[in-house]
Every structure is written in structure tokens, then in C-alpha cells.
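First the proteins, then the strands, lettered A, B, ... as listed; each starts at 1.
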Protein chains: 2
Amino acid sequence: MDGTTASSTQLLRQINSEALLRFALQEQVFTAGEAMAATGLTRATVLGVCDGLVGAGWLEEVSDGGDAGPAPKGRPARRYQLREAAGVVVGLDAGEGYLTTLVTDLRGRGLGKRRKSIDSHALGRAGRVASARELIGQALADAGCGDDDVLLTVVGVPAPVDAEGMSPEGGEFWQLMNSGFAPALPGTVIVENDANLAAIAEQAQEPSANVATLLSGERFGAGLIVDGRLLRGRQGGAGEMRFLDVFDSKLVPDEGGSDGLGALARKWARKGIHSYGGTTSLRRLPEEGIQAEDVFQAAREGDPLAGDIIDRLGARLARIAVVLSSLLDIERVVIAGGISSAIGPVLEHARSLLPTDSGLPLPSLVASTLGAEVVVQGAIESALMRIRREPMAFLPRAARS
Amino acid sequence: MDGTTASSTQLLRQINSEALLRFALQEQVFTAGEAMAATGLTRATVLGVCDGLVGAGWLEEVSDGGDAGPAPKGRPARRYQLREAAGVVVGLDAGEGYLTTLVTDLRGRGLGKRRKSIDSHALGRAGRVASARELIGQALADAGCGDDDVLLTVVGVPAPVDAEGMSPEGGEFWQLMNSGFAPALPGTVIVENDANLAAIAEQAQEPSANVATLLSGERFGAGLIVDGRLLRGRQGGAGEMRFLDVFDSKLVPDEGGSDGLGALARKWARKGIHSYGGTTSLRRLPEEGIQAEDVFQAAREGDPLAGDIIDRLGARLARIAVVLSSLLDIERVVIAGGISSAIGPVLEHARSLLPTDSGLPLPSLVASTLGAEVVVQGAIESALMRIRREPMAFLPRAARS
DNA sequence: GGACCTAAATATAAGATCCAAATAAATTCT
DNA sequence: AGAATTTATTTGGATCTTATATTTAGGTCC
């Protein structure tokens with residue numbers, strides 16, 4: 001497949017090495033005996049494979065007895081662990097108005113994090129890439145390592161992304177967001193849709209084979225996991241939410257089709273202060289100053305216009321949930337992104353609208369607990385999954401000699 | 001995983017055997033040299049593996065030189081082929097009003113076919129199973145083999161089916177359709193949703209990684225293939241079409257939610273002859289005698305009411321296409337089932353309704369060419385795919401001694 | 001401190017598999 | 001009949017795994 005085609009005689013060794021490495025990636029420190037139980041191989045084989053992995057720089061033998069074990073009886077076991085210096089992974093959330101990056105070791109422990117606001121439209125593609133490059137450099141410096149240590153970088157962008165990491169050619173905005181990061185960032189680079197990464201993060205938090213994660217700040221995008229697998233679609237368009245308004249207005253998409261809940265709250269509030277009949281506290285703010293936060297805040301204080309908007313958002317969400325549940329048998333819908341903390345009332349209203357007599361069980365509607373970091377967390381999780389799946393494809397920094 | 005856990009030393013042999021067998025399942029008759037090219041193994045190894053497969057009853061050496069090859073020069077190659085008597089697969093379309101079964105060899109060549117009308121509600125679960133048992137027995141007799149020859153039986157039922165072959169407990173109709181075939185039918189038995197099987201059949205006809213196949217006779221069900229994989233959902237509910245009317249009537253599903261295009265044409269026609277203002281040839285038929293065929297026929301002759309119905313069906317289809325395209329990035333929508341031959345005008349109208357300014361390309365709408373046999377064909381194809389994926393899991397009838 | 005116990009590491013032998021190269025066989029062409 | 005050609009078979013070597021026996025490193029008990 002990739003790299004040198006191993007001779008068939010060495011294939012077995014490689015299979016066993018991968019299995020052992022997969023095990024090592026989940027354990028802190030392990031003995032040969034534990035590895036024997038996990039892989040089903042003999043002690044001699046396990047030790048041989050470990051030897052090879054130490055030589056390749058993946059593992060290191062740990063000698064100091066910092067152990068509180070239950071009084072081991074016989075000869076003490078040799079213990080191995082993943083070599084700290086084997087490498088790190090980088091996650092990057094390359095949003096429209098900000099960049100967030102996170103560097104972790106191979107077990108997902110954070111080593112460095114950076115965030116920066118950007119103006120993508122002023123920067124252009126090249127500018128976005130350069131900014132990302134710089135930010136990652138800083139985060140790597142925080143983590144005390146360099147470009148060569150990065151095994152894999154996963155980038156989340158707000159655009160459909162196909163299996164090759166490309167976005168549809170028609171979309172100018174999409175092309176701007178998916179700025180061609182691959183050549184400039186360290187290690188192997190994988191570009192993925194941001195909502196898809198959010199879905200991976202949510203699934204890692206609470207495993208479930210059929211979840212939809214709605215990344216719902218400015219734009220609306222869904223990461224769909226069905227039968228435990230992320231859906232992509234030919235051009236990466238799976239999870240786009242354009243269909244919503246297609247229904248409202250008879251196949252003609254109107255404005256708002258891809259707006260997220262946050263953007264909608266803002267838009268409806270700015271429009272509502274003109275058209276709404278009753279009194280509303282939102283009029284105290286200048287029209288251009290109204291943000292989604294203000295609407296949620298006003299609703300909590302009982303403002304009627306804000307309450308209406310909450311209800312409309314809830315109805316919208318309920319529709320989405322029904323479609324996802326009906327068409328894909330989704331069992332859990334997670335609202336993620338920056339506004340997930342304030343979304344409670346919307347969820348409540350949406351739940352009340354769900355039909356009760358439908359044949360199949362209703363999906364549960366929940367808010368994400370990961371806040372604004374879903375995408376970066378998902379990027380890291382995605383990177384780690386990838387490395388776990390085929391560890392040998394990502395060579396660690398060569399050991400000495 | 002299944003069966004005897006092979007010792008690790010034998011794993012390599014097994015891998016190579018499976019690879020060779022997969023190759024053999026696609027070829028008519030092959031030489032060791034061809035197998036070498038396909039698997040990348042040495043001649044000695046290939047012959048050794050072939051030896052083992054002959055011993056296991058999978059392959060047989062073909063000696064008679066019924067070959068029109070281009071005058072081979074050197075020593076003639078030994079040629080192998082899949083043993084005809086290795087086994088057969090059975091497909092069963094267990095619909096509500098009929099049973100269809102097809103027996104084929106391991107390359108999908110038909111050996112026997114039977115069809116029978118049934119009254120499922122009168123028969124009950126046990127009666128359905130018994131009828132299926134009998135019909136399959138007849139088809140096997142036509143094919144000249146018995147129960148022991150069946151490696152795998154795939155059953156399609158009009159109900160959601162989860163990964164274990166079970167349907168949701170709530171649905172009485174579903175439980176009746178998914179009648180518990182497994183213990184009574186020959187070979188390993190797999191139960192699957194009928195629309196999913198139709199999707200597999202369509203994809204086998206014209207490969208495409210993202211297709212939706214609407215099985216649209218009496219009931220509406222979709223088989224969804226995204227990223228080359230069939231979607232199932234936790235309870236097998238992926239592809240249910242209840243969401244349609246949820247939109248029309250504000251989250252309250254009304255009648256017709258799961259009716260197929262055929263059923264809708266009939267219902268609308270029977271209702272329409274009362275409410276419609278103009279003249280229509282459909283009134284010449286008794287209300288209870290109007291069938292979907294009559295509506296399509298009348299439309300071809302220019303009847304206005306029938307034309308209206310066609311348009312409404314087209315609009316419905318267009319909605320479905322837009323949702324599938326938008327939410328799942330589906331590139332092709334196939335209408336399959338008994339009415340697929342008459343569906344042309346509906347497709348035309350639906351195409352005209354598709355929006356043209358949407359960001360992503362529109363799905364193509366096509367009619368299936370497999371007619372009423374889609375489900376059975378898909379069942380066979382599904383069985384063959386399964387056997388190709390893990391051939392060794394299905395032992396062939398033991399060879400002599 | 002020394003005898004004993006235990007579980008792990010090492011060493012050794014054996015089995016299975018594959019590859020590479022040499023040898024033998026079967027067929028066509030001259 | 002003999003050369004050429006292609007394939008089958010045999011043989012030796014290398015790799016990797018397993019199974020068994022032996023050694024080793026610690027602890028415990030007296």
C-alpha cells in the first residue's frame with residue numbers, strides 16, 4: 001500500500017508489531033505479561049517485538065521502580081512505555097475569524113495551546129496558512145519540541161472536505177477556508193471538515209454509534225456518525241444543512257440556509273426590534289450591537305421577543321432532530337460550539353416539540369460540554385485515532401544511532 | 001474472531017488463502033501464473049495454497065483443454081477453477097404479498113428461481129417461514145442441489161433490520177415481516193432490509209460510492225450508500241422516509257408518511273375522482289379498482305387528473321432528492337421496484353423542479369432497470385459480497401474423505 | 001546470612017511459512 | 001529429433017512463531 005512493500009515473510013512481524021503498538025498507545029506502562037494477554041502472543045515473541053519497537057524509537061524500557069504494585073512475587077517484569085519523545089500530534093481549528101491550535105503527546109495529554117483572532121478575508125489563503133504556521137510554531141515551542149517531532153497535524157476548516165482533503169471548486173468561501181495547509185504545516189497533514197471533527201470529539205467523550213453533532217455558531221454544519229463511522233459524501237458535503245429552507249419555501253433556498261443558531265439569533269433579533277409589536281429590552285441596544293449572547297441573556301430575564309426567538313430556534317432544531325432521527329436512525333443529537341453553554345432553553349423547547357407517537361425512539365438532544373474547543377479536541381482525537389489505526393505509517397523520530 | 005482461533009504461525013497462510021480465494025471467486029478459470037500476478041506471491045506458494053484450497057473443497061483442477069487460448073508455447077499451465085459443487089447461495093425477497101427466491105452459484109449465475117403470492121396477514125409469522133422454506137426447497141430442487149449445498153441465505157424484508165437481523169420490537173407489522181427466518185432456512189441466514197438489498201443490487205450494476213435507492217412500490221424505503229458503505233442505524237431505521245410529512249404538517253406525521261409512489265398514485269386517484277373538478281378518464285373505473293398502473297397509463301394518454309398526480313409525485317420525489325443530496329451528498333437517486341418501468345414522467349417532472357443554483361451538484365434521478373427483481377438480485381449480490389469478504393468463514397461442502 | 005519460592009527472562013529446539021534458485025517436465029516450433 | 005519456452009517441482013536458506021527447558025532476579029522465611 002504505502003511505503004516499501006514488505007516481503008510476505010515479514011508481514012507477520014509487522015502485524016504483530018502494530019497490534020502491540022496499538023496496545024501500547026492505550027496503556028501508560030506495561031509488562032510483557034500484559035502485552036501477552038492483550039495480543040495472544042508468546043512471551044518470547046512479545047519481547048522480540050518490543051525489542052524491535054524500542055529500536056525503531058516507538059517504545060522505551062522503564063527501569064526506575066516508581067511503582068505501587070501489590071507486592072510482586074517473582075522476578076520483576078521488564079516494563080515498557082511509549083517513548084515520550086516518539087512524537088506529538090497537532091490539532092488546528094482554522095475557523096473564519098480565529099485560529100486555535102493544540103499540541104499533545106501520543107496519549108492526548110496537552111502540551112501547548114494557542115489561540116489567535118484573524119481576518120480571513122483580509123489575509124487570503126496564503127495569509128491564513130502563514131498565520132497557522134506561526135501559531136503552531138509557538139504552540140510547539142510551548143511544548144518544547146520542534147517541527148520534526150510532529151507525526152500528524154489535523155486541520156479543521158468550515159467547508160466540505162472530501163476524502164483527499166479538497167473542497168468543492170465552486171465555493172469561493174470554501175476555497176478560502178480550506179487554504180491549502182498541507183505543504184506548510186509540520187508532519188503529515190490531514191484536512192477535515194470542522195463539524196466532522198466536533199463529532200469525533202463528542203463521540204470520544206461519550207461513545208455511541210449513531211450521533212449527529214451540530215456545530216452551530218456562525219454557520220451550521222453537522223458531523224454525522226452512523227454505524228460508528230463518519231459520513232463524508234463524495235465531495236465532503238454530508239452534513240450540510242441546506243435542506244432546511246428548501247422545505248420551508250418549496251425548493252427555493254432562501255437566506256439563512258446555512259446560518260448557525262448563533263447567527264440566526266442575532267439576525268432575527270436585529271430584524272425583530274423593528275417588526276415586533278410588544279416591548280423588548282433588546283431595543284436598548286444599538287441594532288448593530290446586538291449579539292447572540294444578548295438574546296439568550298434577555299430570554300433568561302423573561303423578554304418576550306427573545307423568548308419568541310428561542311422558540312423559533314427550538315422549532316428549527318426539532319425539525320433537524322426529526323429528520324436526522326427518521327432518515328438516519330440517529331439516537332443522539334449534540335449541539336456543540338461556542339454557544340453550547342447557553343443553548344439550554346432552546347433544547348427544552350425543541351424537546352417539547354418532538355412527536356411522541358413515532359415508531360422509532362426519539363433522539364436525545366444534549367448540549368456539548370466541550371465548549372469552544374470541540375473542533376481542536378476533535379482534531380487531536382482524530383489524529384490519535386489515525387495513528388492507532390495504522391501506527392507503522394507514522395515513523396517516530398529516529399532513535400539514536 | 002469466529003471459528004477456531006488460528007495460531008499466529010498459520011495466520012499468514014490463511015491470509016494468503018483468502019486473497020487467492022477472493023481472486024478465484026472473480027475469475028472463471030485461472031492459472032498459477034495469473035494468481036501470482038494477482039496476489040504477488042511466488043509460484044511455489046501459490047501452488048501450495050491452491051493445493052490446500054483443493055483439499056478444502058473450494059477449488060478443483062480443470063484438466064480438459066477446452067480452451068481457445070492464443071497458442072501457448074511452453075509447458076501447459078495447471079488451471080484451477082472454483083469447484084462447482086462448492087456451494088450455492090440463496091436470495092429471498094420476503095415481501096408482504098409475495099415471495100421470490102433465486103438460487104445461484106458462487107459467481108451469481110442463476111440456477112433456480114421461484115415466485116409465489118402469499119397473504120402474510122393470514123399466514124402469520126410461522127406461515128411465512130414455512131412458505132419460504134417450501135419455495136426455497138423447490139428452487140433448490142430446480143437447481144439440482146439440496147440444503148447442504150447452501151452456504152448462505154440472504155432474506156430481504158420490508159422492515160427496519162438492525163445489525164443482528166432483528167426489527168424494532170414496537171412494530172407489529174415489522175415483526176410479522178421479519179418472521180424469524182434464521183432457524184428454518186438453509187445455510188447461514190442473514191436478514192436485511194429490502195431497500196438496502198435493492199441498493200446493493202443497484203450499486204453492483206453501476207458502481208458509485210454515494211447512491212440512494214428508493215424502493216417504491218407499496219411502501220417507501222430507501223437504501224442509502226454513503227462513502228461506499230450501506231447505512232443501517234442502531235435499529236436499522238436508516239432510510240426510513242417518515243420525515244417527509246413531518247415537514248408538510250409541522251412535526252405531526254399524517255397518513256401517507258411511509259407510502260410508496262405506487263400506493264400514493266392509487267390513493268390520490270381514488271380520492272381525486274371525487275374532488276377533482278374537470279373530466280378524467282379515471283372515473284370510468286370503479287373506485288376500488290383503480291390501480292397505480294391505471295394512473296400512469298391515463299397520464300400517458302393526457303388525462304389531466306392523472307397528470308396532476310404525476311406532478312405531485314414528482315414534487316415529492318424532488319424533495320427527497322434535495323434532502324438526500326444536501327444532507328448526505330448523494331450523487332445518484334435510483335427509483336427501483338415494480339413501478340420503476342413506468343416512472344419516467346415522474347422523474348422528468350422531478351428533475352424540472354430541482355434548484356439550479358445550489359452550491360453542490362444536483363443528484364441524477366434515474367429509474368432502475370432491474371424491475372421487480374431488485375431485491376432478490378440484491379440479496380444474491382449481498383451474499384456474494386459477504387462470501388468474498390471472508391470466504392473462509394463459509395466452509396464449502398467437504399470434499400471427499 | 002542462607003535456603004527456598006516465584007514469576008519472569010533467556011536459551012534451545014522444533015515447526016511452519018515463504019522466497020530464491022536450481023532442476024525437471026511438458027509442449028511447441030524448427 | 002532437437003531447440004526453445006514456459007511451467008512444475010525440488011531444495012536450501014531465512015524469518016518468525018511456539019513449546020520446553022534453563023537461568024535469573026528478586027522476595028520470604030528460618
Side-chain angles (χ1 to χ4, degrees), chain A residues 4-21 29-56 59-81 392, chain B residues 4-21 29-56 59-81 392:
Chain A
T4 53
T5 301
S7 153
S8 186
T9 49
Q10 293 161 299
L11 183 60
L12 200 46
R13 221 324 150 42
Q14 189 180 330
I15 290 173
N16 287 338
S17 293
E18 291 212 355
L20 185 47
L21 199 41
V29 49
F30 64 94
T31 68
E34 290 161 2
M36 286 166 62
T39 62
L41 299 171
T42 314
R43 162 164 273 110
T45 308
V46 166
L47 289 173
V49 170
C50 283
D51 226 38
L53 290 174
V54 168
L59 298 182
E60 62 188 1
E61 191 168 352
V62 45
S63 48
D64 67 328
D67 189 18
K73 263 184 180 173
R75 172 174 178 169
R78 290 170 69 172
R79 289 176 309 161
Y80 297 90
Q81 68 180 10
M392 308 301 268
Chain B
T4 53
T5 301
S7 151
S8 184
T9 50
Q10 294 159 297
L11 182 60
L12 201 47
R13 219 334 152 32
Q14 188 180 330
I15 290 174
N16 287 338
S17 293
E18 291 212 355
L20 185 47
L21 199 40
V29 49
F30 63 95
T31 69
E34 291 162 0
M36 286 166 63
T39 62
L41 298 170
T42 314
R43 162 165 272 110
T45 308
V46 166
L47 289 173
V49 171
C50 283
D51 226 38
L53 290 175
V54 168
L59 299 181
E60 61 189 0
E61 192 166 351
V62 44
S63 47
D64 68 328
D67 189 18
K73 258 185 183 173
R75 170 172 180 171
R78 291 171 67 173
R79 290 176 308 161
Y80 297 91
Q81 68 180 12
M392 309 302 267

Considering only C:dT17, D:dT17, C:dA9, which nucleotide approaches the side chain of B:S8 most closely? D:dT17

Short side-chain N/O contact to D:dC16 OP1/OP2 from A:N16, under 4.0 Å: no

Could you state the interatomic distance from CG (A:L12) to OG (B:S8), rounded to the nearest 0.5 Å? 4.5 Å

Check the distance between D:dT15's P and A:I15's CD1 and give it to me in whole angstrom. 18 Å

If you check the A:T42 side chain, which of C:dT17, C:dA7, D:dT18 turns out closest? D:dT18

Just wondering, do B:T39 and B:T45 contact through their side chains at under 4.5 Å, heavy atoms? no

To the nearest 0.5 Å, what is the distance between CE on B:M392 and CG on B:L53? 6.0 Å

Examine D:dT17: is either OP1 or OP2 under 4.0 Å from a nitrogen or oxygen in the side chain of A:R13? Give yes or no. yes

Within the modelled atom types, does a donor on one side and an acceptor on the other bring the side chain of A:R75 and the base of D:dT24 under 3.5 Å apart? yes

Tell me: CG of A:L12 to C1' of D:dT18, nearest whole Å? 12 Å

Please give, in whole Å, the distance from D:dT6 P to B:E34 CD? 15 Å

Length of the CD-C1' vector between A:E61 and D:dA25, whole Å: 14 Å

Between B:R78 and D:dT9, is there a side-chain N or O to OP1/OP2 distance below 4.0 Å? yes

For A:V49 and for A:P76, locate the closest nucleotide of DNA chain D by heavy-atom distance; then report the residue assigned to the nucleotide nearer the 5' terminus. A:V49

Rounded distance (Å) that lies between atom C1' of D:dT17 and atom CD of B:Q14: 16 Å

Atom-pair distance (CD on B:Q10; P on D:dC16), nearest Å: 18 Å

Can you measure from CZ (B:R13) to CG (B:L20) and round to the nearest 0.5 angstrom? 10.0 Å

Map A:G74 and A:A32 onto DNA chain C by nearest heavy atom, then report which one ends up closer to the 5' terminus. A:G74

Base, sugar-phosphate, or nothing for A:R43, non-hydrogen atoms under 4.0 angstrom? base

Gap between atoms CG and C1', on B:L11 and D:dT15 respectively (whole Å): 15 Å

Indicate yes or no for a side-chain donor-acceptor contact from A:E34 to the backbone of A:T31 under 3.5 Å, with no hydrogens or angles considered. yes

Nucleotide nearest B:L47 when distance is taken to its side chain, options D:dA8, C:dC19, C:dA8: D:dA8

I need the CE-P distance between B:M36 and D:dT7, as an integer number of Å. 8 Å

Counting the atoms with a prime plus P, OP1 and OP2 as sugar-phosphate, which does A:T45 contact under 4.0 Å by heavy atoms, base, sugar-phosphate, or nothing? base

Would you mind telling me which of D:dT10, C:dC29, D:dT18 lies closest to the side-chain atoms of B:T9? D:dT18

